Amino acid sequence: AEPSDLKDEL
Amino acid sequence: MNIFRLAGDMTHLASVLVLLLKIHTIKSCAGISLKTQELFAIVFASRYLDIFTDFISLYNTLMKLIFLGSSFSIVWYIRRHKLVRRSYDKDQDTFRHYFLLLPCFILALLINEKFTFKEVMWTFSLYLEAVAILPQLVLLQRTKNIDNLTGQYVFLLGAYRGLYILNWIYRYFTEPHYVHWIPWISGLVQTLLYADFFYYYFESWKNNKKLQLPA
């Protein structure tokens, strides 16, 4: 996973 | 997506539905803070700037649309709807919510993962969401008779935040390179703000009494 893939959260 | 994340999203969705139910069917927003609702609308508007540029999943896009649409329609209802606005506790809902915007924005400019427009706005939305419940909590303290729907609404919002923390813990142990200090700390602060409310919510539930927060 990419270090900044929190964007899949709401 | 793990079970904590899904449960968190569902409680968030349920909280919005409870609030819309109260406003739409009972035509009342008594005990609901317009200030908090306005902050939530700003939170979603600044967080979901990527809605038309980055496609993640149908679920993700739909939920974003729901949260954007519901938050703005709730604000519209309280401000503009003939009956609903009459039930608004304007004199009690006095928190100076505008004063939260600038500090959150400055903090987002200073502390972020990447200094780009979208990233700063995303970080701003995290900081703002962490404190957006404050006007609502202050209003609850001032409300003599907290009705069940209002209590459930705030409870579901708090539960949503708690479940997101469990989701982060789960992801931390199951995904590589999963470290995100900014959302974690602001999310933790946000959840802690509900601690006091949770205490009195469970007390009233245990003793089968009406919910009331000490002033």
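Each chain gets a letter, A, B and so on, in the order the sequences are listed, and its residues count up from 1. Everything numeric in this text was worked out from a predicted model, so none of it was measured.
Heavy-atom contacts from other residues, nucleotides or ligands closer than 6.0 Å to CD1 of B:I3 number 12 or fewer.
Looking only at heavy-atom pairs under 4.5 Å with chain A, the residue among B:F44, B:Y48, B:Y59, B:F67 that has the most is B:Y48.
Ion pairing of B:D50 with B:K64 is present here, as a side-chain N (NZ or NE/NH1/NH2) and a carboxylate O approach within less than 4.0 Å. B:K22 has a carboxylate O that lies under 4.0 Å from a charged side-chain N of B:D147, or vice versa, which qualifies the two as a salt bridge.
B:N167 touches chain A through its side chain: at least one heavy atom from C-beta onward sits under 4.5 Å away, while N, CA, C and O do not. Contacts between B:N60 and chain A at a heavy-atom distance below 4.5 Å involve backbone atoms as well as side-chain atoms.
A side-chain N or O of B:Y164 and one of B:R5 form a donor-acceptor pair less than 3.5 Å apart.
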